[in-house]
Chemist: 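Supplied in structure tokens, the structure appears directly below.
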Amino acid sequence: VMSLQQLRDESDFDQLPHNVPVTATIADIEEKKGFIDHYRFVIEVKTKGGSKYFIYRRYREFFTLHQNLESKYSPEDAEKPGPNTCLLPPLPGKIFIGNKKEIAEGRIPELNTYMKRLLGLPVWFLLDDTLRMFFYQTDQDSQQQPRALRRLRPQTRKVKTVKPKMDLFSSPRAEVMFDFRGNGKEELNLKKGEVIFLLQRVNADWLEGTVNNQTGIFPQSFVKIIKPLPDVSAEGEDEGHTYSCLRCFLLSPAGVDTRSPCRDVCVEEDLTTQPTHKDLLTLMRNVFKVNDIALNYRDPEGDLIRVLDDEDIQLMVKESRDQQGKVKRPVNQFPWELYVTLASDLSVYNTEP
């Protein structure tokens, strides 16, 4: 494999467009609390023209890239690469068991080596569309704010700045009126009487704030606002995460209990995201603490329809979008709702002839 320096000496390299990526380094990992919590790698990319930008990629996106490149360029016979084939660097393999954060941290050196070798391949390879799309900064990438860049910047000592007391009292804040127990990592636990500093509005019913050095979201109905947040338009500053709420119900066998528990689950996903059936099933098992469950939605006639795979999810999303104007919802609530039933329970379906 030619080194980047050797490439640079070749006239071919001079012919490359300025926006072609030539180096990429992982700056950090960030947790994303989506339908299933996962870690993304924050990658600093430098182009031939000298510009720098950040992109955010999951391991599964590296995996897909590698599969695409292998199908296009891996030689039939590893000993004899042809003119349009090349030996790709190995990608670190999938890991199925263990702490997600530790797995992501452990992959950083291997993925850095992988990207370095990939971008060190012959010039014609750097022009491949799949490769360039992977390293290009999408609109979504450019809207994110990297929260910390531990691996790129030297550790700096934290300098304590003492803010004048007035500053504290001019901050938007609220007093907790009732104890609240958060469900999941992103929701705060609140105790009556605490003062919570408000950061932003999540939707009509939820706020994000800080209390006891913890930052998270909580329902507005549990607090009394002392100083409200300034009014900002919905397109205000995006801090790199938007919460969307998914309304879900747990249905007991028909005729057993009419009051079905209803939950609003907040996830860091865009309203246009279509989750996989597997991710939703895992999420609902965690929310309702029941294992043997089935997912359902209501069709326009109000009948329960069981969801069995990703195609059913697609249909559920499509049908709910068609109905969107007829139901009044908070701006960041998914247009579809989930009804969770016990897998063995068929009594909830309208099976009358």
Side-chain angles (χ1 to χ4, degrees), residues 1 3-4 7 19-48 52-75 78 81 85-144 146-152 240-241 268-270 273-276 278-279 282 310:
V1 176
S3 75
L4 209 55
L7 266 179
N19 60 0
V20 166
V22 289
T23 66
T25 315
I26 294 173
D28 208 347
I29 55 168
E30 284 188 359
E31 187 174 17
K32 180 146 170 75
K33 294 174 166 53
F35 289 105
I36 290 297
D37 294 357
H38 60 264
Y39 282 88
R40 300 182 305 175
F41 298 96
V42 185
I43 303 164
E44 185 179 62
V45 178
K46 292 180 188 167
T47 64
K48 181 195 163 203
K52 288 183 198 175
Y53 52 79
F54 290 108
I55 60 172
Y56 299 76
R57 300 289 179 266
R58 296 178 64 167
Y59 171 77
R60 68 160 66 156
E61 292 171 277
F62 275 99
F63 192 81
T64 307
L65 167 74
H66 191 71
Q67 281 185 314
N68 286 337
L69 294 176
E70 265 192 328
S71 65
K72 280 200 217 173
Y73 301 115
S74 272
T85 62
C86 54
L87 293 175
L88 296 170
L91 178 74
K94 286 190 169 181
I95 301 169
F96 296 99
I97 294 169
N99 172 311
K100 286 183 184 177
K101 185 173 186 179
E102 284 167 16
I103 292 173
E105 285 280 2
R107 279 188 172 138
I108 291 176
E110 294 171 304
L111 286 177
N112 273 335
T113 305
Y114 175 75
M115 291 189 293
K116 185 178 177 180
R117 289 185 180 168
L118 209 52
L119 295 173
L121 288 170
V123 165
W124 58 265
F125 182 82
L126 294 183
L127 291 171
D128 174 81
D129 284 348
T130 320
L131 184 75
R132 289 175 75 176
M133 283 315 299
F134 179 85
F135 284 109
Y136 270 2
Q137 189 182 41
T138 63
D139 284 351
Q140 245 181 333
D141 288 327
S142 62
Q143 283 159 15
Q144 307 282 332
R147 293 169 206 179
L149 302 171
R150 294 172 298 129
R151 295 180 171 269
L152 220 57
H241 55 267
E268 271 189 55
E269 293 283 3
D270 197 75
T273 309
Q274 188 175 302
T276 64
K278 185 181 160 200
D279 285 355
T282 308
D310 289 351

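The residues of the chain are indexed from 1 along the displayed sequence. Just so we're clear, the structure is a prediction, and the values are computed from it rather than from any experiment.
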Chemist: Could you grab the distance from atom NZ of Lys278 to atom CZ of Phe35, nearest 0.5 Å is fine?
Modeler: 15.5 Å
Chemist: Please determine whether the number of non-hydrogen atoms from other residues, nucleotides or ligands lying under 6.0 Å from atom NZ of Lys46 exceeds 12.
Modeler: no
Chemist: Between Glu110 (side chain only) and Arg107 (backbone N and O only), is there a donor and an acceptor less than 3.5 Å apart?
Modeler: no
Chemist: Test side-chain contact (heavy atoms from CB on, under 4.5 Å) on Leu88 and Phe125; report intermediate values, then the result.
Modeler: CA-CA 11 Å; Leu88 296 170; Phe125 182 82; 3.7 Å; yes
Chemist: I want to know whether Phe134 and Phe62 have ring centres closer than 6.0 Å.
Modeler: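 Between Phe62 and Phe134, which both carry aromatic rings, the centre distance is below 6.0 Å.
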Chemist: Test of understanding: with salt bridge (Lys or Arg N to Asp or Glu O under 4.0 Å), list the residues that count as partners of Arg57, not counting sequence neighbours.
Modeler: Asp141
Chemist: Got a sec, which residues hit side chain to side chain donor-acceptor pair (under 3.5 Å) with Tyr59, two or more places apart in sequence or on another chain?
Modeler: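 Expected list: none.
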Chemist: State, to 0.1 Å, how close Tyr136 and Pro21 come at their nearest heavy-atom pair, and which atoms those are.
Modeler: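 Residues Tyr136 and Pro21, closest heavy atoms: CE1-CD, 4.4 Å.
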Chemist: When rounded to the nearest 0.5 angstrom, what is the spacing between CD1 in Ile108 and OH in Tyr39?
Modeler: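 These two atoms lie 11.5 Å from each other.
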Chemist: For the CG atom on Asp129, are there more than 12 heavy atoms of other groups (residues, nucleotides or ligands in this structure) within a distance under 6.0 Å?
Modeler: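 Check fails, neighbour count at 12 or below.
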Chemist: Quick one: list whatever passes side chain to side chain donor-acceptor pair (under 3.5 Å) with Thr130, sequence neighbours left out.
Modeler: Lys72, Asp128
Chemist: Walk me through whether Met115 and Ile26 qualify under side-chain contact (heavy atoms from CB on, under 4.5 Å).
Modeler: CA-CA 9 Å; Met115 291 189 293; Ile26 294 173; 3.7 Å; yes
Chemist: Less than 4.5 Å apart, any side-chain heavy atom of Glu61 and any of Arg58?
Modeler: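 Yes, at least one pair of side-chain atoms sits under 4.5 Å.
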Chemist: Nearest 0.5 angstrom please: Glu31 CD to Arg40 CZ, how far?
Modeler: 11.0 Å
Chemist: Return the minimal non-hydrogen interatomic distance between Ala24 and Asn112, and the atom names on each side.
Modeler: O-OD1, 4.2 Å
Chemist: To the nearest 0.5 Å, how far apart are CG in Asp310 and CG in Asp279?
Modeler: 8.5 Å
Chemist: Within this structure, what is the NZ-OG1 distance for the pair Lys116 and Thr23, rounded to the nearest 0.5 Å?
Modeler: 10.0 Å
Chemist: Which heavy atom of Ile29 sits nearest a heavy atom of Phe41, and at what distance?
Modeler: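 What the structure gives for the nearest pair is CG2-CD2, 3.6 Å.
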Chemist: When you compare the side chain of Pro90 with that of Arg117, does any pair of heavy atoms fall below 4.5 Å?
Modeler: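 A side-chain contact exists here, since the closest heavy-atom pair is under 4.5 Å.
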Chemist: If you apply the rule side-chain contact (heavy atoms from CB on, under 4.5 Å), what do you find for Leu126 with Leu119, and how did you get there?
Modeler: CA-CA 7 Å; Leu126 294 183; Leu119 295 173; 4.0 Å; yes
Chemist: Under 4.0 Å between a side-chain nitrogen and a carboxylate oxygen: does that hold for Lys32 and Glu30?
Modeler: no
Chemist: Just by modelled atom types, is the Thr47 backbone N or O under 3.5 Å from a matching donor or acceptor in the Asn19 side chain?
Modeler: no
Chemist: Kindly indicate whether the side chain of Leu91, heavy atoms from C-beta on, has any atom under 4.5 Å from the side chain of Leu111.
Modeler: yes
Chemist: With a 4.5 Å limit on heavy-atom distance, are the side chains of Lys100 and Ile36 in contact?
Modeler: yes
Chemist: Distance from Leu65 atom CG to Leu118 atom CG, nearest 0.5 Å?
Modeler: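 Going from CG on Leu65 over to CG on Leu118, the span is 6.0 Å.
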Chemist: Considering non-hydrogen atoms only, spot the tightest contact between Gly106 and Pro109 and give its length.
Modeler: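 That closest heavy-atom pairing would be O-CD, 3.5 Å.
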